[in-house]
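Quick note: numbers below take in every heavy atom, side chains included, and nothing from hydrogens, waters or symmetry partners. Nothing here was measured: the structure is a model prediction, and the numbers come from that model. The sequence lines fix the lettering, A, B, ..., with proteins before strands; numbering per chain opens at 1.
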Amino acid sequence: MSYDFKTVEKKWQKYWEYKKLFKTEEKSDKKKFYLLEMFPYPSGKLHMGHARNYVIGDTLSRFFRMNGYNLLYPMGYDAFGLPAENAAIKNKINPEKWTDECINTMMEQQKKLGLSYDWDRMVVTAKPDYYKWNQWIFTKFFDKGLAYKKKAPTNFCPKDQTVLANEQVIDGKCWRCQTTVEVKELEQWFYKITEYAEELLNDIEKLTGWPERVRIMQRNWIGKSEGLSVNFPIKDSGKKIEIFTTRPDTLYGVTFMTFAAEHPLVLELVNNTEKEKEVKDFINKIVIQKRITRLEEKEKEGIFTGKYAINPLTGDEIPIYVGNFVLMEYGTGAIMCVPAHDQRDFEFAKKYNIPIKEVIQPQSIAQSSTPMNTGRDLSQRADTPSDGRPLSSAYVEEGIMLNSQQFNGINSKEAIIKISDYVEEKKIGKRVVHYKLRDWLISRQRYWGTPIPIIYCEKCGAVPVPENELPVLLPNDVEFTGEGNPLSKSASFINCKCPKCNSESRRETDTMDTFVDSSWYFERYCDPKQDKFPFSKEKVSYWMPVDQYIGGIEHAVLHLLYSRFYTKALRDLKLLDYNEPFNNLLCQGMVVKDGFKMSKSKGNVVSVDEMIDLYGADTARLFILFASPPERDLEWSDEGVHGCFRFINKVWNMAQNIKQCKIQNAECKIDGEINKDIERLRNFTIKKVTIDIQKEFHFNTAIASIMEFYNELISKQSSLSHESFKICIETLVILLSPFAPHICEEIWQLLDHSNSIISEKWPTWCEEKLKQNEITIAVQVNGKLRGQIDVNIGLSEQEIIGFAKSNEKIKKYILDKKIIKTIYVPLKILNIVVGG
RNA sequence: GCCGGGAUGGCGGAAUUGGUAGACGCAAGGGACUUAAAAUCCCUCGCUCUGUAUGGAGCAUGCCGGUUCAAGUCCGGCUCCCGGCACCA
């Protein structure tokens, strides 16, 4: 009789749900464990990437449950977002209805996979009982100055018709639709994530349970650099230019300055000069160029403004340029240029024939050369170095200072400190820190998101909606035409009264970035029905931080950084009292087929539904976990799935044998040698599976060892006592149950157990039983494997060596040779080194 | 360019602190059962040479070198692939 997975899987899914076996216990003496998977956007179709994520999580959840943890394992939906709105435009369906339908089909698919969530805690971010708290938190942030509005150049996606946060621009393109973004000057809402830049950076240290690459990515994204801000006076003008440098040791080597094209001072400088037109044309050219060729490496280009600045340390006059390689967004938008010690400046100087002044020499050259050459000044040209050394590139390493007045002769590293001190002392600049991290732009000009709870009043300005008026609900009198934000055309939504002065006012029509929704959903799971606060402090204090978070690497900066920021900001609002949301993070690899990520356009998509239909959830789960370790990419193979299907069926058939075995093997003794061997293997398998799951989540090797156990069991079947056989099958089924829960429940029942296997305790192993009397030792001669000997573990080293030497296979290699030495690694290997 | 990660049979992947390379699975080949197919079961399976006493010898973990009795694992130098960042002053 073959295994009817369809009936069995449905049966147990119903049973689990009916018995509420996955319900979270609120009060428990057990140790808590919060296991979380990144919740999905409800697109309506579960793809293999989702399935992999959840199967990894679910297997862990079942493992931890059986190991006696009080588990929180929830699921929800990141339900706001563009696809729903686009569907509304296309199919003339309400986005909410569309989303709800998608959630239902997705949930059904998840249930079919046998995932053991506590569905009572489901969080749907698009529901007013959730987004109300988004708004509530926004107003708290607003009160604290963490939410603010400003006019700024934004990343605008022309296809999605909305702005994007910096983190959502990947390679100059929209993260969602891959359209090249444009720069648009707009007044928008921001969250002040930069206020937490330093803490976000420092606390990365503490995230020891995170993959190193994610920590590095976050560190780079925050991009801290410490340096010096210096004011350079402009010649014949009362003005000064502020620049930022991380290399104060090169201050004496400055031979020109360069402004970003967008720098406001540039136009002021050239106004009413003969350079005006030339410079303006240049600026226009590169502003356009910048937008088009954002990614390609451009040749350095610039133009002289006709103006000079004064190096405040040397008094030297230095020309001011406008250049295409200076960023307005970073530092001050103007830089001092030291061609001798910066490769970009070097290239620029060579191109425009600007002097190169060397102020740092490599240690080796500084030592060998005769008394310090101080003649390298503005008259020196790049291609005519004073001491004959060819200058083919900038020297950016540390070295010995020269041409730097009182700092000559010291190490440049030391000079950084001394010159910084000197600059501060002279009050021409000060030490500063810059970050690459920008504030988080949360405004979106779309309908299907959390309305930003702000009212604009002529008299009172931007006023937050008071708590008792929250939530600001999304209106229904809207049309989805695809043009502009529907909210801005909804009269019922826009028109309102000022909460302060009650005069006719206008409501903010921007909605929030959906990453706001996902920045605290994991806290809501701890207290999903709470209606006084986003969540109670008591409950989050019990469950948070998340003990194990599982998700894709694509959120390494986006979601994971925002969530960290939120946690810190909510902590400062006294809503919670921990610093980091996720203790351990597992980033699973992609699911690929024929070498590519599964996608519709590649036509290599394998449907989850179809897999379950064809082979059942247990087989699908087993394959997903068996094919590769979780952090690596998973190469989909239909044949591989079939192999797992075979294994499931083999286990099923073996379990059917149990009754027959009782009659057949009546005379087999439980303490016979074979039973002892199998008992040793049983213990070994428990140990292997337990450690593999727990330590590195290496499900693939855990499953392999279960298969080995099966193979041995089936081959010894006829000589095992009924008791041994039964104990072994029970162990095997328990060990297999986190991976393939349905069939294991069914077999468990078949073995006359009345409880669910879920409530069964995870087995333990006995070290004593792992010991063997006899062991195989590999024997090498001069490091080459020449034979194997079976020895009693009680033998001494000398006895083993003697035994090896008398072995027929070994003999011929050591015959007539002088034994130089022997190396014996206890119970493993013996190496006999011979000479001659 | 910089920063990560990786490279092991035909394939996915295993290999404690350096200690029998290739576990487990897939594919392939051979056989059994069957009218046949599917399913199932049994055997073989890194490469080369040698050979039939069903054994033997050599070579093998991207490449080149080193350390060691012993290297997939450690050290030095490369090559290629994947990911992230990218004029960040």
Considering only atom [atom1], compute the distance from [N] to [M] and round it to an integer number of Å.
N	M	atom1	value
B/A38	B/A32	P	15 Å
B/C59	B/G72	P	13 Å
B/A7	B/G62	C1'	6 Å
B/A27	B/C63	C1'	30 Å
B/A15	B/G19	C1'	12 Å
B/C24	B/U73	P	24 Å
B/A37	B/G46	C1'	34 Å
B/C3	B/C75	C1'	22 Å

Could you report the tightest heavy-atom contact between [X] and [Y], atom names first, then the distance?
X	Y	result
A/A309	A/I241	CB-CD1, 4.4 Å
A/A197	A/I222	O-CG2, 3.9 Å
A/M38	A/H559	CE-CD2, 4.2 Å

Checking all strands, does [X] fall into the base, sugar-phosphate, or nothing category for heavy-atom contacts under 4.0 angstrom?
X	result
A/K650	sugar-phosphate
A/G643	sugar-phosphate
A/D345	nothing
A/Q788	base

Can you tell me how far [atom2] of [N] sits from [atom1] of [X], to the nearest Å?
X	N	atom1	atom2	result
A/W636	B/G25	CH2	P	19 Å
A/N220	B/C85	CG	P	9 Å
A/F709	B/G25	CZ	C1'	19 Å
A/F699	B/G25	CZ	C1'	18 Å
A/I419	B/A89	CD1	P	18 Å
A/I170	B/A86	CD1	C1'	14 Å
A/E347	B/A89	CD	P	16 Å
A/Y3	B/U40	OH	P	16 Å

Classify the ring geometry between A/H434 and A/Y330 as parallel (under 30°), tilted (30 to 60°) or perpendicular (over 60°).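 Rings of A/H434 and A/Y330: tilted, as their planes differ by 30° to 60°.
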
Side-chain N or O of A/S225 less than 4.0 angstrom from OP1 or OP2 on B/A89? yes

Is A/N653 close enough to B/C41 that one of its side-chain N or O atoms is under 4.0 Å from OP1 or OP2 there? no

Looking at [Y], is its backbone amide N or carbonyl O close enough to the side chain of [X] to form a donor-acceptor pair, meaning the two atoms are under 3.5 Å apart?
X	Y	result
A/N324	A/E299	yes
A/H263	A/A334	no
A/R215	A/W210	no
A/D618	A/I743	yes
A/K224	A/V433	no

For residues 682-689 of chain A, dump all side-chain donor-acceptor pairs below 3.5 Å to protein atoms at least two apart in sequence or in another chain.
| unit_1 | atom_1 | unit_2 | atom_2 | d |
| --- | --- | --- | --- | --- |
| A/R682 | NE | A/E679 | OE1 | 2.9 |
| A/R682 | NH1 | A/T731 | OG1 | 2.7 |
| A/R682 | NH2 | A/E679 | OE2 | 3.1 |
| A/N683 | OD1 | A/C766 | N | 2.8 |
| A/N683 | ND2 | A/E679 | O | 2.9 |
| A/N683 | ND2 | A/E679 | OE2 | 3.2 |
| A/T685 | OG1 | A/L681 | O | 2.7 |
| A/K687 | NZ | A/E767 | OE2 | 2.9 |
| A/K688 | NZ | A/D692 | OD2 | 3.1 |

Under a cut-off of 3.5 Å for both distances of each Watson-Crick or G-U pair, what dot-bracket string does RNA chain B give, using [ ] for crossing pairs and | for inter-strand pairs? (((((((..(((......[....))).(((((.......))))).(((((....)))))..(((((..]....))))))))))))....

Below 3.5 Å between N/O atoms, which protein atoms pair up with nucleotides 4-12 of chain B? Just atom names and distances, please.
| unit_1 | atom_1 | unit_2 | atom_2 | d |
| --- | --- | --- | --- | --- |
| B/G12 | O2' | A/A627 | O | 2.6 |

Once salt bridge (charged side-chain N to carboxylate O under 4.0 Å, His left out) is applied, do any residues pair with [X], and if so which ones, sequence neighbours excluded?
X	result
A/E301	A/K285
A/K771	A/E768
A/D439	none
A/E205	A/R219

On RNA chain B, does the nearest nucleotide to A/T776 precede the nearest nucleotide to A/V557 from the 5' side, or the other way round? Give the residue.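 Upstream on the strand: A/T776.
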
Which is more 5' along RNA chain B, the nucleotide nearest A/R247 or the one nearest A/V825? Just name the residue. A/V825

Quick check on the 6.0 Å ring-centre criterion: do A/F256 and A/F348 meet it?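 Close enough - the centres of the two rings lie under 6.0 Å apart.
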
Extract from the structure each pairing of a protein N or O with an N or O of nucleotides 27-33 of chain B at less than 3.5 Å, listing the distance.
| unit_1 | atom_1 | unit_2 | atom_2 | d |
| --- | --- | --- | --- | --- |
| B/A27 | OP2 | A/R646 | NH2 | 3.3 |

Taking only N/O atoms, report every protein-nucleotides 15-18 of chain B pair under 3.5 Å with atom names and distance.
| unit_1 | atom_1 | unit_2 | atom_2 | d |
| --- | --- | --- | --- | --- |
| B/U17 | O4 | A/K828 | NZ | 3.0 |

Show your reasoning for whether side chain to side chain contact (heavy atoms under 4.5 Å, CB included) applies to A/L561 and A/F515. CA-CA 10 Å; A/L561 188 65; A/F515 279 93; over 6 Å; no

Quick one about A/E554 and A/W175 (side-chain donor to acceptor, distance below 3.5 Å, no hydrogens or angles considered), yes or no? no

Compare the minimum distances between each of [options] and the side chain of [X], then state the nucleotide with the smallest one.
X	options	result
A/F244	B/A89, B/G25, B/G19	B/A89
A/I823	B/G25, B/A89, B/C69	B/C69
A/R786	B/G58, B/A14, B/G25	B/G58

Are any protein N/O atoms closer than 3.5 Å to N/O atoms in nucleotides 70-76 of chain B? If there are, list each pair with its distance.
none

Could you work out, with side chain to side chain donor-acceptor pair (under 3.5 Å) as the rule, every residue matching A/N166, not counting sequence neighbours?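 Listed in chain order: A/N155.
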
Tell me every residue that passes side-chain contact (heavy atoms from CB on, under 4.5 Å) with A/A556, counting only those two or more places apart in sequence or in another chain.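 Scan of A/A556 (side-chain contact (heavy atoms from CB on, under 4.5 Å), adjacent residues dropped) gives A/V214, A/M217, A/I553.
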
Can B/G51 be described as syn, meaning its chi torsion is within 90° of 0, or is it anti? anti

